[in-house]
Every structure is written in C-alpha cells, then in structure tokens.
Amino acid sequence: MHHNKAVEIKNLHYKYPDGTMALDDINITIEHGESVALLGPNGAGKSTLILHLNGILRGNGEIKVFGLPVNKHTLKEIRRRVGLVFQDPDDQLFCPTVFEDVAFGPINMGLTKEEISTRVNKALASVELEGFGKRSAYHLSFGQKKRVAIATVLSMEPDMLVLDEPTSNLDPRGRGKIIKILNSLPVTKVVVTHNLNEAAKLCKKAIIMDKGRIVADEDIEKVLSNRPMLEAHGLISS
Amino acid sequence: MKHFFIDKYSEIKSPINDLNARAKVIIFFALILLCATTPPNAFLAFGGYYLILSGILLVSKVPLGFVLKRTVVAAPFVLMVTLFIPFMEGGGGSYNLWGLTLHRSGLIVLFNVSVKAFFGVAALTLLTSATPFNELMDGLKQMGVPKIFITTASFMYRYIFVVVNEAMRMKRARDSRNFEGKWIWQTRTIGHMIATLFLRSYERGERIYSAMLSRGYDGEVKSLGKHPIVFKDVVFITLIISLAALLRFSHALTKLISGS
Ligand SMILES: Nc1ncnc2c1ncn2[C@@H]1O[C@H](COP(=O)(O)OP(=O)(O)OP(=O)(O)O)[C@@H](O)[C@H]1O
Ligand SMILES: [Mg+2]
C-alpha cells in the first residue's frame with residue numbers, strides 16, 4: 001500500500017448550494033507521513049477543502065485517499081483512516097462526558113469494550129488529559145476542549161490527521177502544548193492555520209490557497225521566504 | 001458564564017448514586033405509581049411514602065433544600081387548579097373560616113392532588129439529581145424508550161447552554177450598541193435576534209452532524225454495553241417497593257387478615 005499517496009486530488013471543483021464557488025480546480029498530492037500546512041486568508045476555501053478529505057463534502061473531480069476513491073463504498077474505511085478535527089470544539093464534543101466523546105469513534109468501529117477503554121485512555125494521555133473522562137465537555141477550558149477534540153480522533157488511530165486551526169483562540173502556552181502534541185504524532189498531517197510561525201514548526205510543506213484556488217505548493221522555507229507572494233495573499237501585512 | 005446542571009449532585013459518592021440507573025427508574029416510577037393510586041383518605045400511607053422518599057434523600061446526600069426548591073416550582077400550577085375546589089358545593093359537611101365556607105370533600109380533593117403532585121415532582125427531582133444524566137438516558141434506553149427521545153434529550157442536555165450562551169452574547173452585543181427607543185423597534189430587533197439564534201443553532205446542528213459522520217456515525221448512537229443489574233440493585237428495588245406496596249395496600253390487607 002505504501003506506494004500510494006496519502007491524498008491525490010485532481011481537478012476538484014466545489015460550489016455551495018447558494019452558488020459560491022468555494023473550490024476552483026484544485027490539484028494536490030500529499031505523500032505518506034508528510035505534514036502539510038494549509039494556508040490562506042479568510043474565505044479562501046481551506047475548510048471546504050478539508051471537508052472533502054473524508055467525504056463530508058463531495059465536489060466534482062477526482063479524490064483518492066490512501067489509494068481509495070471517495071465513494072459510498074469506501075467512506076467507512078476512509079473515515080476510519082482520516083481523523084478530522086473541526087475548528088470549533090463545541091461542534092466536535094457532543095456527548096455528555098469526555099469519555100463518551102473520545103469513545104464515539106471506536107464504538108462506531110465496533111471495537112470491544114476493553115479495547116475501547118484502552119484506546120480512550122491512551123488518547124487522553126497523549127493530549128495530557130488523563131483522568132478527564134468523567135468530566136462534561138462543557139465544564140472544560142477552551143484549551144482543554146481543543147485537546148479533547150484531538151483525542152476524539154486519536155482514539156480511532158487514524159493514518160492521517162486533518163486539523164482546522166488547532167491553535168486558534170489559544171494562549172501562547174496552550175499553543176505550545178498543541179504543537180508539542182502534534183509533533184509527537186508520527187502520522188500524515190494536514191494543518192489549517194493562519195500562523196506562519198506555527199506552520200513552520202509543524203510542517204515541511206505548505207499549500208497556499210486564495211479565492212478557491214491553489215496559489216503555491218512547495219517547501220515551507222521557500223514559501224515563507226517569498227514575502228511578496230505572502231503579502232499578495234494576505235498572509236502577512238505590510 | 002455559570003450554569004447549573006440538572007444532575008449536578010450526581011457525582012457525590014452515595015449508595016443511591018451507585019445504584020444501577022435502571023433500578024432507580026424502576027424504584028421511582030413504582031413509588032409514584034403507588035402513591036398516585038392511593039385512596040385520598042389514606043393519610044397514613046401518604047405519610048409513609050414521604051418518609052420513604054426522605055430516607056432515600058438522606059442516603060443519597062442530595063441537599064434537601066435543592067429538592068425542595070425545585071419541587072416548589074410546581075406549586076403554582078397545582079394550586080391554580082385546585083385551590084378553589086374546597087369552596088365549591090360538595091358532600092361531607094363544611095367548615096366556616098372567617099366567613100368563607102369550605103367543603104370537606106373539596107378539601108380532600110385539594111389534599112389529594114397536592115400531596116400526589118408534590119410527591120411525583122420531588123421523586124423525579126431526586127431521581128434526576130442523583131443519577132448522572134447519561135446513565136439515566138442509558139437506563140431509559142435499555143428499558144425500551146424510543147431512541148429518538150433519548151437522542152433528543154441527550155443533545156438538549158449537551159447544547160442548551162451553548163445556545164443560551166449564544167443568546168447572551170447577542171444580547172450583550174445589542175445592549176452595547178445602545179439598544180433603546182420605541183418598543184416597536186425593540187420588537188423588531190428581538191425578532192431578528194430570535195431568527196439569528198435559530199439560524200445559528202441550525203448551522204451548528206449541521207456542523208455537529210458532520211463531526212459525527214467524520215467519526216463513523218451511521219444513524220445510530222451506540223453506547224458501551226452498560227452495567228447489568230446486580231444483587232445490590234435487586235435488594236434495593238424489592239425493599240423499597242415492598243415497603244411502599246405495604247403502605248398502599250395496608251387497608252385491604254388488614255381487612256383480609258381480620259377476615260371481614
Ligand atoms: N455553508 C456554506 N454555504 C455557502 N457558502 C459557504 C458555506 N461555507 C463557506 N462558504 C463560502 O465558501 C468560501 C470558502 O469558505 P471556507 O469556510 O472554506 O473558507 P476558509 O478558508 O476556511 O476561511 P476561514 O479562514 O475564515 O475559516 C467562502 O466564500 C465562504 O463564504
Ligand atoms: Mg475555515
């Protein structure tokens with residue numbers, strides 16, 4: 001399987017029902033084990049693109065994830081292998097307790113009770129929240145919620161993590177913590193962010209989007225040193 | 001913002017909290033049923049039921065004040081319906097009170113309805129505060145309550161405060177932009193706010209659904225195979241229900257034994 005790319009997208013177009021052209025001819029590939037920063041100004045289409053990576057949205061074009069074309073037969077397998085973390089943790093944490101939220105994926109995978117407990121504890125440990133299982137998500141601080149949200153997909157042991165602004169609205173220590181956690185995970189990663197420093201700390205490659213199109217896709221150092229391009233797409237202000 | 005959860009005392013360690021949720025549902029519903037079907041003049045039996053409930057309350061360590069406060073909420077509704085009945089013509093004699101005539105039969109109706117209504121509300125308050133909400137839902141599900149009710153209630157429990165917070169933030173934003181003027185303007189603004197709140201909730205619902213799908217949701221909320229009913233639960237169920245049943249049927253029993 002390892003000769004397959006983690007993600008291969010060809011000529012992807014997506015229009016929201018109200019007519020907004022959110023993705024306009026997207027072509028990208030992501031290698032196994034690679035970590036990629038997805039950068040771009042507000043409204044560029046980043047969230048829309050990542051919702052295609054596990055088949056929540058289905059645009060026109062060709063998408064392969066781990067060699068599997070996204071369709072209704074492969075959806076289950078793809079969603080098991082791609083862990084998507086939403087921007088707002090209140091969307092991700094919908095169960096009465098943290099334990100149940102983290103167990104939600106494994107339960108849907110049909111694992112045994114023991115295995116579910118093991119995975120939940122392991123996932124909570126890797127986001128440094130051991131013993132939080134009984135708490136209600138509502139009572140957690142924002143930073144803790146963000147980390148639980150990551151744990152809810154880690155418990156599915158995905159091969160690829162896709163995170164929509166994992167550090168937004170966090171204080172510096174909270175950001176540092178998330179970066180440390182993400183860097184300790186040896187899987188393919190796609191990280192949406194507005195923060196170039198963090199992108200450099202997390203990723204080797206950067207994809208820049210603007211107005212639904214890919215405008216750059218190369219080594220992060222090259223991207224970050226191209227200041228006119230960054231400025232043109234609103235990633236730094238002059 | 002500070003909120004208060006209906007099951008905020010469910011984390012206290014107590015023998016009642018440790019009971020299986022299904023056992024608790026059975027006990028409390030049996031109590032309510034027995035109490036509701038007791039003849040209105042069986043004053044001793046009602047005293048007994050309240051004694052049982054107080055016993056459970058004591059063991060559960062839920063503060064009395066908390067249960068009382070929530071039970072009193074039902075008072076206006078009960079009293080509104082029943083308060084005037086004693087003044088209506090009825091059999092069984094009457095009393096004079098500062099020039100008002102109270103009828104005995106009506107007083108019994110008032111007593112009957114109030115004593116049962118408050119018992120029911122107090123019992124349910126105690127049940128919900130001494131049981132973690134998710135366990136309660138699990139217990140009800142195992143007892144055959146349709147899934148759609150369980151799912152709806154669980155989501156309500158989880159998101160009611162998110163929506164309340166959203167409403168409060170909107171209210172603040174409105175007030176900080178000098179919300180005043182003619183009332184006709186206010187109604188329009190409030191209408192907009194309600195519409196916005198509805199839209200936001202709807203959009204949040206869509207995002208939550210996506211998050212569920214992303215983690216393999218296929219239309220059914222599954223839960224871990226939950227706690228079976230154990231010996232301790234059976235002991236509690238039989239103990240409390242037989243005690244209450246004894247009170248409920250004591251009249252018939254004494255008749256039976258005395259052989260008349
Ligand atoms: N549900 C929707 N219906 C209609 N249009 C939408 C919807 N969601 C997003 N859009 C539009 O699609 C475009 C891309 O939005 P998207 O949320 O993907 O941007 P983004 O890059 O994630 O932005 P941000 O950095 O603000 O999160 C925007 O023009 C947006 O207004
Ligand atoms: Mg976005």
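Reminder, nothing fancy here: chain letters follow the sequence lines and each chain counts from 1. This structure is a prediction, so every number in the text was calculated from the model and none was measured.
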Q: Would you mind checking which part of A/F94 comes under 4.5 Å of any heavy atom in chain B, side chain (CB onward), backbone (N, CA, C, O), both or neither?
A: both

Sequence neighbours left out, cut at 3.5 Å: what donor-acceptor pairs do the side chains of residues 191-202 of chain B make with other protein atoms?
unit_1	atom_1	unit_2	atom_2	d
B/T196	OG1	B/H192	O	2.7
B/S201	OG	B/L197	O	2.8

Q | Stepwise side chain to side chain contact (heavy atoms under 4.5 Å, CB included) check, A/Q144 with A/L129 | A | CA-CA 8 Å; A/Q144 289 169 337; A/L129 287 174; 4.1 Å; yes

Q. Salt bridge (charged side-chain N to carboxylate O under 4.0 Å, His left out): which pairs involve residues 34-62 of chain A, sequence neighbours left out?
A. A/E34-A/K205

Q) Taking A/N108 for the side chain and B/R215 for the main chain, is one N or O donor matched with an acceptor at less than 3.5 Å? A) yes

Q. Do we see a donor-acceptor contact under 3.5 Å between the side chains of A/E100 and A/T97?
A. yes

Q.
Donor-acceptor pair, distance only, cut-off 3.5 Å: does the side chain of A/R81 make one with the backbone of A/D159?
A. no

Q. Listed by residue number, which members of residues 7-22 of chain A have a heavy atom under 4.5 Å from any heavy atom of chain B?
A. none

Q: Let me know if A/N54 has heavy atoms under 4.5 Å from chain B in its side chain, its backbone, both or neither.
A: side chain

Q | Qualifying residue for side chain to side chain contact (heavy atoms under 4.5 Å, CB included) with B/V121, from B/T71, B/V67, B/V72 | A | B/T71

Q | Step-by-step side chain to side chain contact (heavy atoms under 4.5 Å, CB included) determination, A/F86 to A/S47 | A | CA-CA 9 Å; A/F86 287 67; A/S47 298; over 6 Å; no

(Q) For B/K24, is there an ion pair with B/E135 - N to carboxylate O distance below 4.0 angstrom? (A) no

Q | Engaged part of B/Y209 at the chain A interface, taking heavy atoms whose separation is under 4.5 Å | A | neither

Q.
Looking at every non-hydrogen atom in both residues, tell me the closest pair between B/A23 and B/I229 and how far apart they are.
A. N-CD1, 4.3 Å

Q.
Under 4.5 Å from any heavy atom of chain B, what part of A/L75 do you find: side chain, backbone, both or neither?
A. neither

Q.
Working note: B/I27 + B/F236, criterion side chain to side chain contact (heavy atoms under 4.5 Å, CB included); need CA distance, chi angles, decisive distance, verdict.
A. CA-CA 8 Å; B/I27 289 172; B/F236 252 101; 4.2 Å; yes

**Q.** Pairs of heavy atoms under 4.5 Å with chain A: top-ranked of B/G205, B/A211, B/S214
**A.** B/S214

(Q) For a quick test of reading the model, state the closest non-hydrogen atom pair linking A/I78 to A/P69 and the distance between them. (A) CD1-O, 4.1 Å

Q. Is any NZ, NE, NH1 or NH2 atom of the basic residue among B/R22 and B/D233 found under 4.0 Å from an Asp or Glu carboxylate oxygen of the other?
A. no

Q: Could you tell me which of A/D101, A/V85, A/V153 has the largest number of non-hydrogen atom pairs under 4.5 Å with chain B?
A: A/D101

Q | Contacts with chain A made by residues 49-64 of chain B (heavy-atom distance under 4.5 Å), listed by residue number | A | none

Q.
Using heavy-atom distances under 4.5 Å, tell me whether A/S155 contacts chain B through its side chain, its backbone, both, or neither.
A. neither

Q: Return the option, out of A/V82, A/T152, A/L84, with the maximum number of heavy-atom pairs under 4.5 Å with chain B.
A: A/T152

**Q.** Residue part contacting chain B, namely of A/M109, when any heavy atom lies under 4.5 Å
**A.** neither

Q.
I'd like to know whether A/H52 forms a side chain to side chain contact (heavy atoms under 4.5 Å, CB included) with A/I26, so could you lay out the CA-CA distance, the side-chain angles of the two residues, the decisive distance to 0.1 Å, and finally the verdict.
A. CA-CA 11 Å; A/H52 280 81; A/I26 301 288; over 6 Å; no

